[in-house]
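So you know, we letter chains A, B, ... as the sequences are listed, proteins then strands, and number each from 1.
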Protein chains: 2
Amino acid sequence: MRADARRNREKVLEAARAVFAADGQDAQMPDIAKRAGVGVGTVYRHFPTKEALIEALARDHFERLADGAEATAAREGDPWALLLTLVHACGERCANDRGLAAAVGGNRDILADVAAEQHRLRAATTSLLERGKASGQVRADATMDDVSMLMCSLAKIADMENDGREGFSWRRFADIAFEGLRAR
Amino acid sequence: MRADARRNREKVLEAARAVFAADGQDAQMPDIAKRAGVGVGTVYRHFPTKEALIEALARDHFERLADGAEATAAREGDPWALLLTLVHACGERCANDRGLAAAVGGNRDILADVAAEQHRLRAATTSLLERGKASGQVRADATMDDVSMLMCSLAKIADMENDGREGFSWRRFADIAFEGLRAR
DNA sequence: AGGGAAACGGACTTCGACTTCCACTTTACA
DNA sequence: TGTAAAGTGGAAGTCGAAGTCCGTTTCCCT
């Protein structure tokens with residue numbers, strides 16, 4: 001691959017990240033091209049469709065999420081606090097990136113393309129969840145899917161907060177909903 | 001208004017209800033017209049834009065939600081159970097109607113148009129919330145917005161469940177997240 | 001009954017997005 | 001340096017969905 005091509009590919013990815021972060025899934029290709037300082041043709045040379053571009057970004061995002069989750073799961077200490085950390089990290093990222101929020105709460109097509117990363121994320125979360133159950137802090141019937149739902153709903157609330165919905169706070173919501181997983 | 005016009009208006013509303021329930025916000029106008037057994041021109045005669053049609057349906061939905069909430073709030077008995085009933089009713093309706101789910105979790109334009117109905121819903125919920133606090137079942141710092149966020153997230157989870165997302169269950173999620181409002 | 005206004009239907013227009021195409025430019029290599 | 005292949009830009013093409021228009025039909029009132 002030619003050097004200028006590789007450079008442009010990076011510029012496109014970088015621009016796409018920014019534009020999708022700001023506008024979510026309905027970011028527009030010409031905007032991305034303009035921001036990258038290239039023509040739309042160049043964008044399409046590197047990513048045959050908009051969906052392919054979204055997928056590349058989604059993979060990137062989920063990789064980071066999974067990395068973060070594995071790092072958190074590897075830490076010593078209070079499982080409850082670590083789980084909360086993990087959930088907060090998800091909220092934080094979704095709040096800063098509407099594209100990610102859309103991907104997390106999004107259609108199954110995209111999620112299928114990042115199945116590997118998703119699996120790592122689930123595995124890390126599950127291990128923390130089990131630790132939490134063992135320590136008696138997490139309710140015994142909690143499942144990975146419960147945490148999944150929590151994360152997805154969190155993505156939605158973060159997105160609505162970004163939309164300017166009064167009184168909405170993803171941090172507040174995360175704290176409350178997460179309490180529902182506590183053993184009693 | 002002519003009799004046939006009124007009849008057609010009802011047919012359109014009825015069809016729109018069904019199509020939006022099944023397809024959510026991206027239901028298509030020709031589909032609605034076909035289902036109603038009329039031409040698209042007739043649909044546009046009664047509702048100048050797609051948005052106007054959505055708004056009419058949303059108002060209808062929120063009216064029912066508000067009515068249900070007020071009825072629940074007026075009942076005697078355990079405030080906690082009544083609040084849960086109310087939250088479940090919201091989930092149930094969202095699960096049965098993707099249009100409603102989209103409206104609840106949706107853009108502020110639509111919600112602004114049903115401000116009055118939303119206000120009744122909020123008022124009824126608030127009164128139950130206060131009863132719950134007074135009885136010591138609900139955490140003292142809970143707010144109406146917390147319940148709002150819970151309902152919106154519930155709409156999202158119900159929608160994802162309808163999308164066929166494995167392991168997702170709005171009832172399960174409602175129960176868990178709602179527990180987060182319990183006083184400790 | 002009959003005339004005129006209201007309503008209807010659905011082909012057509014518009015519009016806004018994604019995507020393609022190709023004349024031109026840049027790079028890499030002999 | 002010259003040349004062929006790779007890459008570029010952005011105007012034009014395509015496509016799907018919303019919305020319009022007008023000849024035809026239906027209804028209501030006298």
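- Nucleotides of DNA chain C lying under 4.0 Å from heavy atoms of chain B occupy a range whose first and last members, 5' to 3', are C/dA5 to C/dA11.
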Each nucleotide of nucleotides 24-30 of chain D classed B (base within 4.0 Å of a protein heavy atom), S (only sugar-phosphate) or -, in 5' to 3' order, makes --BSS--
Side-chain donor-acceptor pairs of residues 8-29 of chain A under 3.5 Å, sequence neighbours excluded:
{"unit_1": "A/Asn8", "atom_1": "OD1", "unit_2": "A/Lys11", "atom_2": "NZ", "d": "3.4"}
{"unit_1": "A/Arg17", "atom_1": "NH1", "unit_2": "A/Asp60", "atom_2": "OD2", "d": "3.4"}

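- Atom pair A/Arg6:CZ and D/dT8:P shows a separation of 12 Å (rounding to whole Å applied).
- Annotation: side chain of A/Lys133 is not in contact with side chain of A/Arg139 (no heavy-atom distance under 4.5 Å).
- Across every non-hydrogen atom of A/Leu181 and A/Ala142, the tightest pair is CD2-CB, 4.1 Å.
- Taking the charged nitrogens against the carboxylate oxygens, A/Arg165 and A/Asp163 have no contact shorter than 4.0 Å, which rules out a salt bridge.
- Of the side-chain N and O atoms in A/His46, one or more sit less than 4.0 angstrom from OP1 or OP2 of D/dT8.
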All N/O pairs under 3.5 Å across the protein-nucleotides 9-13 of chain D interface:
{"unit_1": "D/dG9", "atom_1": "OP2", "unit_2": "A/Gly39", "atom_2": "N", "d": "3.1"}
{"unit_1": "D/dG9", "atom_1": "OP2", "unit_2": "A/Thr42", "atom_2": "OG1", "d": "2.7"}
{"unit_1": "D/dG10", "atom_1": "N7", "unit_2": "A/Gly41", "atom_2": "N", "d": "3.2"}
{"unit_1": "D/dG10", "atom_1": "O6", "unit_2": "A/Gly41", "atom_2": "N", "d": "3.3"}

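- The stretch residues 12-29 of chain A touches DNA chain C through A/Ala27, A/Gln28, A/Met29, each having a heavy atom within less than 4.0 Å of the strand.
- Note: NZ (A/Lys50) to P (D/dC15) measures 18 Å, nearest angstrom.
- Other residues, nucleotides and ligands contribute only 12 or fewer heavy atoms inside 6.0 Å of the CD atom of A/Glu51.
- Between A/Arg122 and A/Asp145, at least one side-chain N (NZ, or NE/NH1/NH2) sits under 4.0 Å from a carboxylate O, which counts as a salt bridge.
- A salt bridge is absent between A/Glu117 and A/Arg64; no separation between the charged side-chain nitrogens and carboxylate oxygens falls under 4.0 Å.
- For B/Thr126, there are no side chain to side chain donor-acceptor pair (under 3.5 Å) partners, not counting sequence neighbours.
- A salt bridge does not link A/Arg59 to A/Asp113: none of the charged side-chain nitrogens sits closer than 4.0 Å to a carboxylate oxygen.
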| task | Mind running side chain to side chain contact (heavy atoms under 4.5 Å, CB included) on B/Phe173 and A/Asp146 for me, showing each step along the way? | result | CA-CA 7 Å; B/Phe173 178 73; A/Asp146 295 337; over 6 Å; no
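- Between the CG atom in B/Asp78 and the OG atom in B/Ser135 there is a gap of 6.5 Å [rounded to 0.5 Å].
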Requested in this report: Determine, stepwise, if the pair A/Arg171 / A/His88 fulfils side chain to side chain contact (heavy atoms under 4.5 Å, CB included).
Outcome: CA-CA 7 Å; A/Arg171 290 176 190 281; A/His88 266 95; 4.1 Å; yes
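- Looking at A/Arg120 and A/Glu63, no side-chain N of the basic residue comes within less than 4.0 Å of a carboxylate O on the acidic one, giving no salt bridge.
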